Amino acid sequence: MGDDGRRQARVRDAATMRALAHPARIAVLDRLFSGEPATATELALVCGLSPSATSYHLRALAKAGLIEEAPSRGDGRERLWRSQHRGLEVATGPERGAAEQAADRELAGMFLDVEDARARTWLARRDEEPYEWYLASVSAGVNLVVTADELRELNERVLDLLEPYSRRTRPNPPAEARAVDVTYRAFPRV
């Protein structure tokens, strides 16, 4: 649970996973997980769609129980959206049904596509970035030899190491701080 009492949304059913499997919806959720409400127009800037197309995605996320309408900021003419969650925990496991497993694979594939697109965007513009950011960035691959228990422990330690820097849990970062994408994957080789 975060300092503000919000928890991660636990996603286990196929319908919710299918509702998430769109890059615009993930971008909207990422913004709303910050805890600040936003309008469809504000969220359209985040996901690169028109406000009306964004409204469609907002309604789908609300139907899935991931966001809700928020109290107005003033005169009540604008429709605000918020999330009571601070992130997503998506897992089905091999014991779930075929529909859940298929939806999980679709959602995981969409996440991989989004992560890869972000990395490719960085590669395309990294030479234009300030030198300190160029030097601070890394893309690395390490082949480990571990047991399943050791891998679970390693995953917990890595995620614990990242948590203090998370945008969702770091309310007052230094002025020179920037949003940084970190992708961590750990899985057995075939």
Side-chain angles (χ1 to χ4, degrees), residues 1-9 11 20-51 54 57 61 66-67 73 80-91 107-146 150-189:
M1 187 180 317
D3 293 340
D4 57 3
R6 295 179 310 131
R7 298 178 183 272
Q8 288 193 323
V11 178
L20 285 169
H22 192 287
R25 293 178 187 176
I26 296 302
V28 164
L29 280 175
D30 189 48
R31 165 59 179 76
L32 292 177
F33 286 159
S34 71
E36 294 295 319
T39 65
T41 301
E42 292 164 342
L43 294 167
L45 297 173
V46 170
C47 64
L49 299 175
S50 69
T54 302
H57 292 294
L61 290 169
L66 297 167
I67 66 170
R73 289 186 254 203
L80 288 172
W81 296 91
R82 67 179 177 192
S83 178
Q84 293 295 333
H85 306 289
R86 66 178 191 91
L88 294 172
E89 178 188 319
V90 181
L107 181 58
M110 190 273 314
F111 274 119
L112 289 174
D113 291 344
V114 168
E115 292 164 359
D116 287 347
R118 288 175 179 166
R120 291 181 190 287
T121 298
W122 164 252
L123 287 174
R125 71 166 209 277
R126 70 181 177 180
D127 295 334
E128 302 161 15
E129 288 288 329
Y131 191 61
E132 70 262 14
W133 286 102
Y134 181 92
L135 290 177
S137 300
V138 67
S139 180
V142 179
N143 294 317
L144 307 176
V145 179
V146 295
E150 289 170 330
L151 184 56
R152 277 192 295 275
E153 179 186 345
L154 178 62
N155 291 338
E156 287 177 23
R157 290 173 60 192
V158 168
L159 296 175
D160 286 347
L161 183 65
L162 297 173
E163 186 61 23
Y165 302 99
S166 172
R167 180 175 48 90
R168 296 176 189 108
T169 58
R170 192 174 195 196
N172 299 307
E176 67 277 7
R178 289 177 63 180
V180 172
D181 284 314
V182 175
T183 300
Y184 174 73
R185 302 172 186 164
F187 48 87
R189 294 180 91 184

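Every value quoted in this text rests on a predicted model; they were computed, and no experiment measured them.
- Although no hydrogens or angles enter the test, the distance criterion places no donor-acceptor pair under 3.5 Å between the side chain of Ser83 and the main chain of Phe33.
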Step-by-step side chain to side chain contact (heavy atoms under 4.5 Å, CB included) determination, Arg7 to Gln84: CA-CA 8 Å; Arg7 298 178 183 272; Gln84 293 295 333; over 6 Å; no
Before giving the answer on side chain to side chain contact (heavy atoms under 4.5 Å, CB included), spell out for Val46 and Asp30 the whole-Å C-alpha distance, their side-chain angles and the decisive distance to 0.1 Å. CA-CA 9 Å; Val46 170; Asp30 189 48; over 6 Å; no
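- The CD atom of Glu42 sits 7.0 Å away from the CG atom of Leu80 when rounded to the nearest 0.5 Å.
- Counting only distance, with no hydrogens or angles, the side chain of Arg189 and the backbone of Leu144 share no donor-acceptor pair below 3.5 Å.
- Contact check for Thr54 versus Cys47: side-chain heavy atoms found under the 4.5 Å cut-off.
- Heavy-atom minimum distance, Leu20 versus Arg25: O-CB, 4.3 Å.
- Scanning all heavy atoms of the two residues, the minimum distance from Arg178 to Pro130 falls at NH1-CD, 4.1 Å.
- In this structure, Leu29 and Leu66 have side chains that are in contact, with non-hydrogen atoms separated by less than 4.5 Å.
- Contact between Ser34 and Arg31 at its shortest, heavy atoms only, is OG-O, 2.7 Å.
- In terms of heavy atoms, Arg170 sits closest to Tyr165 at NH1-CD2, 3.8 Å.
- One finds the CD atom of Glu156 at 10.0 Å from the CG atom of Leu154 (value rounded to the nearest 0.5 Å).
- Atoms CZ and CH2, from Arg125 and Trp133 in turn, are 10.5 Å apart once rounded to the nearest 0.5 Å.
- The distance from the CZ atom of Arg185 to the CG atom of Leu112 is 4.5 Å, given to the nearest 0.5 Å.
- For the atom pair NE2 of His22 and CG of Leu61, the computed distance is 10.5 Å after rounding to the nearest 0.5 Å.
- When every heavy atom of Asp181 is checked against every heavy atom of Arg118, the shortest pair comes out as OD2-CD, 3.1 Å.
- Atoms CG and CG, on Leu43 and Leu49 in that order, are 10.5 Å from each other to the nearest 0.5 Å.
- A salt bridge between Glu163 and Arg86 is present, with a side-chain N of the basic residue lying under 4.0 Å from a carboxylate O of the acidic one.
- Residue-environment remark: OH (Tyr131) stays at or below the threshold of 12 foreign heavy atoms within 6.0 Å.
- Across Ala40 and Pro51, no two heavy atoms sit closer than the pair CB-O, 3.9 Å.
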